[in-house]
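Please read the structure below before turning to the comments.
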Amino acid sequence: MKCNKLKQLKNINLELSLLIFLILFIIVYKVWILHIFGFVYTDSDQTLMWLGAKHYSQGLFYEPRFYGQEYNSMLEALLAVPFVKIGVPLSYSLPIVTTVLSLMPIFLLSIITYIKRSKITAIILLCIFLTLPIEYTFITSMPRGFVTGIAFSSLSFLFLYKFHSKYAFFFVLLISVLAYSLNANSVVLSIPVCLLFFLKNYQNKNFYIYGFLGMILGFSVHFLIARFYINHPFSVLHTYKMEFSLELFTDGLYRLDRFFNFVVPVFWHHGWLLVLSFLPIAFVFYKNHKYEKALTTFIIPFMILGTLFISKVHDGTSSIFFSFTRMYLAVPIVLLLMLSFISINQKKWMYISIVVAVVFTGVNLTSYNQSIDKNMNENHVVTVLKSEAAYEECSKLLSISEKYSIRLIVINNHWFSDVYNYGCPACMEHFPNTPDPITKEEHGRLLEDENKVYSNVLVIDLGRNLEEEYDFILKLENQEGLYLIKNNKLGTLLLLNNLKLEIRQFK
């Protein structure tokens, strides 16, 4: 009797030690990713997030979504405020927050599985997570709004073993709607969770009552946010339409790897296997008479494939900075979610999964340079550069502005246009105004600046020789595309019109 208890205690200590070790190892692994990638590289969308973090740290809340969009969010910028307040650079603060959010689903799921289902299964989940390709880890370290909806949706895991609770009905539906509002890519995770609750409670009237209340509250928040952009249409610079096409679907079926190669465990060059992997799991549930889980798992691959009808998921490139994968970052979490319901008690599977995790983590650790180099040569859509280079460029512009007493910089044509417009005011104190409206506040500032006269103006344009077109414009020596206007007498809008420079509509 005592021997059995000692053996049980020993097993518990081993499993708990492994769980804690794996969680700590994943944290260290993600910190390493930040060191080699997240803190090193940025892009034009991330610098816009920098600006949001600076505004929030100053108590300025101009609009509820990602600046210039009526979708996505800047939750990462909001959560980064404590770091910004204590002086952590923006290029560090935001990737840290993004990384924490990206780890939330797997840590929540593994801990809940350890407590409620199976200790060995919980360990296996963490091991499978470690077999994801390094590109997945790169993408989930970028503060671009990609992971916020998925992280928020994972809060529904707290109710996974309360399938008949009225509170669970309310909060699971509320969480799902709010997660969708943060980022629509969360529906890949939210739908299976909601479907599980529905299949277990479709005859329970409380499910419809409390679930409906949660949905109503969630959509009330969502539509309140949407109303802001109806009232402020000039805040919307980027939008997307939900267009459906059979042609898109068939094209997607032929090219499944481009969507899933970066999110498939183990089979990194055969992403299509990720979709099929749900079917054997469904069979296991069916064989064990767990019909609700079997049906849910069976439906998941068809749900995933169904998204290929939607035009937005085809909006991407092979680069990690604008990857097709960003729409499917929740798929590996869904796979782990369904696996979490399988009670694995044989230790041999735990040891095998640990060995596999060690092998594939080792491959990631030794091949990261090749992955970074390959992706830096891809078409990104967004402007990509090193964070250090962004700071240097902004510092250079600030020095020139101080030298010539410049309070207005007009960026017309430059590969770093967005970085200059949004990143520089974020990371440099007392940076001159840049008349390229992205927030409601800047629209207001442009209305104020419309007739304001700035004596010295810096114009950045790589596409024209302005000093040859206008005799009052001086090209700065040894500065490509930088032009100085001294002793200007024209109001801002009139000056821009005279120079034939376009700005975004602001009134």
Side-chain angles (χ1 to χ4, degrees), residues 23 26-27 29-31 33-35 37-69 71-109 111 136-158 171 174-186 189-190 218 221-222 224-225 228 326 329-330 333 387 422-423 425-427 438-439 441:
I23 288 174
I26 289 171
I27 292 171
Y29 176 58
K30 291 287 276 188
V31 169
I33 291 293
L34 287 173
H35 175 70
F37 181 80
F39 295 154
V40 178
Y41 298 94
T42 190
D43 57 63
S44 48
D45 277 2
Q46 289 185 54
T47 58
L48 195 50
M49 193 75 81
W50 291 5
L51 185 62
K54 181 178 181 180
H55 285 163
Y56 294 157
S57 70
Q58 296 171 336
L60 305 173
F61 297 87
Y62 296 119
E63 59 185 89
R65 294 211 179 277
F66 199 100
Y67 284 166
Q69 301 177 1
Y71 59 96
N72 209 339
S73 79
M74 301 191 84
L75 180 62
E76 290 142 298
L78 182 62
L79 296 177
V81 167
F83 295 106
V84 177
K85 286 282 193 180
I86 62 174
V88 179
L90 292 162
S91 58
Y92 284 71
S93 302
L94 285 155
I96 289 171
V97 169
T98 303
T99 297
V100 171
L101 290 173
S102 72
L103 290 176
M104 203 170 115
I106 182 58
F107 285 172
L108 258 180
L109 185 61
I111 292 169
Y136 173 88
T137 317
F138 288 157
I139 294 170
T140 54
S141 70
M142 298 179 194
R144 299 268 298 275
F146 297 160
V147 302
T148 50
I150 299 167
F152 197 84
S153 180
S154 72
L155 292 175
S156 61
F157 295 168
L158 297 171
F171 284 108
L174 173 63
I175 288 167
S176 298
V177 174
L178 293 179
Y180 165 79
S181 190
L182 287 170
N183 194 310
N185 69 0
S186 66
L189 178 57
S190 297
V221 174
H222 179 71
L224 187 64
I225 292 170
F228 173 90
R326 73 193 191 280
L329 293 174
I333 303 301
S387 299
Y422 315 127
C427 65
I438 194 73
T439 69
E441 174 264 347

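Both backbone and side-chain heavy atoms feed into the values below; hydrogens, waters and symmetry mates do not. Since this is a predicted model, take the numbers as computed values, not measurements.
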Validation row: L94, W50 side chains within 4.5 angstrom (heavy atoms): yes

OG on S73 to CD1 on I225, rounded to 0.5 Å: 9.0 Å

Minimum side-chain heavy-atom gap L103-I26 below 4.5 Å: yes

Any side-chain heavy-atom pair of N183 and F66 under 4.5 Å: no

Side-chain donor or acceptor of E76 paired with backbone N/O of G145 under 3.5 Å: yes

N185 side-chain N/O to F146 backbone N/O, donor-acceptor pair under 3.5 Å: yes

Where L79 and P82 come nearest, the two heavy atoms and their spacing: O-CD, 3.3 Å

Atom pair CG (L34) and CZ (F138), whose distance is rounded to the nearest 0.5 Å: 11.0 Å

Reported OG-to-CZ distance for the pair S102 and F107, which is rounded to 0.5 angstrom: 8.5 Å

K54 versus P425, closest heavy-atom pair with distance: NZ-O, 2.7 Å

Y136 side chain near I139 side chain, heavy-atom distance below 4.5 Å: no

Side chain proximity check, R144 to D43, heavy atoms < 4.5 angstrom: yes

N/O donor to acceptor pairs below 3.5 angstrom from side-chain atoms of residues 174-182, sequence neighbours left out:
residue, atom, partner, partner atom, Å
S176, OG, V172, O, 2.8
S181, OG, R65, NH2, 2.7
S181, OG, H222, ND1, 2.9

Donor-acceptor side-chain pairing of T42 and S387 below 3.5 angstrom: no

Parallel, tilted or perpendicular: ring planes of H55 versus Y62, cut at 30 and 60 degrees: perpendicular

Contact summary for M142 and T98, nearest pair of heavy atoms: O-CG2, 3.3 Å

Derivation and outcome, side chain to side chain contact (heavy atoms under 4.5 Å, CB included), residues T137 and K30: CA-CA 7 Å; T137 317; K30 291 287 276 188; 3.5 Å; yes

Contacts of type side-chain contact (heavy atoms from CB on, under 4.5 Å), residue P105, not counting sequence neighbours: I150, S154, F157, I333

Ring centroid separation F61 to Y56 under 6.0 Å: yes

Closest heavy-atom pair and its distance - Q46, P143: OE1-CD, 3.1 Å

Min side-chain heavy-atom separation V84-L90 under 4.5 Å: yes

Steps toward side chain to side chain contact (heavy atoms under 4.5 Å, CB included) verdict (T148, L101): CA-CA 7 Å; T148 50; L101 290 173; 3.9 Å; yes

Distance in Å, I106 CD1 paired with T140 OG1, rounded so as to fall on 0.5 Å steps: 12.0 Å

Selection residues 82-96 - residue pairs positive for side-chain hydrogen bond (donor to acceptor under 3.5 Å, both in side chains), sequence neighbours left out: S91-Y391

Pairwise side-chain contact, L75 with F152, heavy-atom cut-off 4.5 Å (strictly under): no

